[in-house]
Amino acid sequence: MDKLERLLHDKIGFKSFRTGQRDIIQSVLERKDVVAIIPTGGGKTLCYQFPSKLIDGITIIVSPLLSLMEDQVHQLRAYGDKSAVQINSLLSFEERTRVLKELTNQSMLFISPEMLGNEYIKKRLKSLPVGLFVVDEAHCISQWGHEFRTDYLRLKEVRALLGSPPCLALTATATPQVEKDIIMELGMKNPTIHRFSVNRKNIRMNINQAENTKEKEENFFEFLSTVEHPGIIYTATRNDALRLSEKMNVMGFNAAFYHGGMTKEDRILVQYQFLNNEIPFICATNAFGMGVNKQNIRTVIHMHLPSSIEQYVQEIGRAGRDGMESIATLFFSKEDQTLPRRFIEMEYPTDKELQLWLIDGLSFYRKEDSIQANWLKDFFQIDDVRWRMLRYYLEKSGIIHADLLLMNKINSQYVNRLSAFFMNRKNKKELCLDRFVKLVKGNQCIRQGILSYFGESYTFEQEACCSVCGYLEEKWEKKKKPIQRMEYISWQEQLQKMLLPQWTER
DNA sequence: CGCTCGGGCTATAGAGCCCGAGCGGTGCCCTATT
């Protein structure tokens, strides 16, 4: 046991580090900026929990989801670490005030990027010594920051405001391109990169091609009777998640559904039941997964096309965290491409819209110096997500300042530049999708394709790899345990059983 | 882009077809408090 391990034992109670942890922690303790790409289940939490005990000042951990923060804080508490707190919308005003007041006694603060935009909170944090700035699930910066959650792109400013403390970015999946993006958007200087392979040897990958959607679904149900649970089935739409889970129940596979349109309570309930092995299958949109800390997921099925290889790897990575053999299968038919393409399209305003909003719409007010920025949104009824993105870029260019849209700064050249910028972003996303489609349709080894996308080479031997290399070996066939189908009970019958037991007994 | 849904038409009294409109995913935070 060396010095660092002794400290680990004293402070946390662990005897040794897992692969990669030591190097990452060492770099953090040397006060370097660090990017760590470490596979799911690799013990990311320790990489900031342990340093937070050793360095002066508080450690701020930026986290993308409320449930993730809750989970982290609870887990730390469960292991006896009471020095972690969180600030988010789940707290009442009084609670938030109290937490902010007592921050000096804490070593870790979990917070959302949006909350870090709050002036009062920034002011309070600025008055504290900040020892380490951590961004958990840092691929969100690249995946969400530029369009969907632009507060991710403001983290650089926040970090500078806090006196540029050393920064640690953690993620399980980052291509070299995403890694660059993270470094730039966090304003890191000469960061140390710790990159571990994204390969998950215990996950076999399978792609099933069908002629059309109907055939795809038939293939899916045929396949379903051969897989092990627990399993996640990803669908493109909320409606599909619901429909498929109903159909699965009729076929005797007990399944629930999950998507972002459900109430918070329902989502928590379903997730809880799945975590506790009360439901073997869950049909979900991509709302489900991040932060779902379940070790024994055996199967991840895609009934749609994720929009990039990263996204796919993130989602299949939820299988087999216990290291046991698991399977990921993607069912594909050519129609599946249209929806992700549409989603990419929908994120950005068209040239026509930009012209209408920023040139034609404002021509009326040319004599004024400025107008309220939100006038644009309200007048043209721009949807929330696109407005927030547009607003971010208008603020970045100084066209919106202190809630005011400055008339003299806007002209058609600017609008053309903005539109070219959006076009460029859109093209990039389309290329990511194209690359994935090529992988899905092609006859190259899937694992090799994925690894090369992440800048890795595939040099090792894998017993059973993917549907191209032939994972459906006899050995694997023998190992499978077919699942027990449940007797289908309609919700009407279930309700009757609960409310009128005497009826069902009769 | 491609599906689903609803309205309207036809041609006959209930149903079938066509066409256009609308929709499709991810999460923080919320008009403000200290």
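Lettering follows sequence order; numbering is per chain, from 1. Being a predicted model, the structure only gives us computed values, none of them experimental.
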Over all strands shown, is [X] touching base, sugar-phosphate only, or nothing at heavy-atom distances under 4.0 angstrom?
X	value
R341(A)	nothing
P64(A)	sugar-phosphate
L65(A)	sugar-phosphate
Q314(A)	nothing

- Note on the structure: Quick tally for nucleotides 29-34 of chain B: nucleotides whose base has a protein heavy atom under 4.0 Å get B, sugar-phosphate-only ones S, the rest -, giving SS--BB
Just checking, any donor-acceptor pair under 3.5 angstrom between side chains of [X] and [Y]?
X	Y	result
E310(A)	H139(A)	no
H259(A)	T285(A)	no
Y272(A)	E278(A)	no
D240(A)	T235(A)	no
Q372(A)	D378(A)	no

- Message: Among F274(A), F281(A), F288(A), exactly one meets ring pair (Phe, Tyr, Trp, His ring centres under 6.0 Å) together with Y258(A). Which residue is that?
- Response: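 Only one option passes, and that is F288(A).
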Compile the donor-acceptor pairs under 3.5 Å between side chains in residues 155-167 of chain A and protein atoms, sequence neighbours left out, one pair per line.
| unit_1 | atom_1 | unit_2 | atom_2 | d |
| --- | --- | --- | --- | --- |
| K156(A) | NZ | M184(A) | O | 3.4 |
| R159(A) | NE | P165(A) | O | 2.9 |
| R159(A) | NH1 | L186(A) | O | 2.7 |
| R159(A) | NH1 | G187(A) | O | 3.1 |
| R159(A) | NH2 | D33(A) | OD1 | 3.2 |
| R159(A) | NH2 | D33(A) | OD2 | 3.2 |
| R159(A) | NH2 | P165(A) | O | 3.1 |

- Query: Given Watson-Crick or G-U pairs with both distances under 3.5 Å, what dot-bracket string fits DNA chain B, with | for other-strand pairs and [ ] for crossing?
  - Reply: ((((((((((....))))))))))..........
- Would you name the heavy atoms of H146(A) and T150(A) that are closest together and state the gap between them?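 That closest heavy-atom pairing would be O-CG2, 4.0 Å.
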- Item | Residue whose nearest DNA chain B nucleotide is more 5′ - T213(A) or I344(A) |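 The residue closer to the strand's 5' end, by nearest nucleotide, is T213(A).
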- For F343(A) and dG25(B), is the gap between ring centres under 5.5 Å while the planes differ by less than 30°?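 By the stated criterion, F343(A) and dG25(B) stack.
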- Identify, with sequence neighbours excluded, every residue that meets salt bridge (Lys or Arg N to Asp or Glu O under 4.0 Å) alongside R98(A).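 Testing R98(A) for salt bridge (Lys or Arg N to Asp or Glu O under 4.0 Å), a comparison that skips the adjacent residues, returns E102(A).
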- Contacts to DNA chain B from residues 124-156 of chain A, heavy-atom cutoff under 4.0 Å, which residues?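 Here the set is W144(A), F148(A), R149(A).
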Atom pairs and distances, side-chain donor-acceptor, residues 108-117 of chain A, under 3.5 Å, sequence neighbours left out:
| unit_1 | atom_1 | unit_2 | atom_2 | d |
| --- | --- | --- | --- | --- |
| S112(A) | OG | M115(A) | N | 3.1 |
| E114(A) | OE1 | R149(A) | NH2 | 2.9 |
| E114(A) | OE2 | R149(A) | NE | 2.8 |
| E114(A) | OE2 | R149(A) | NH2 | 3.3 |

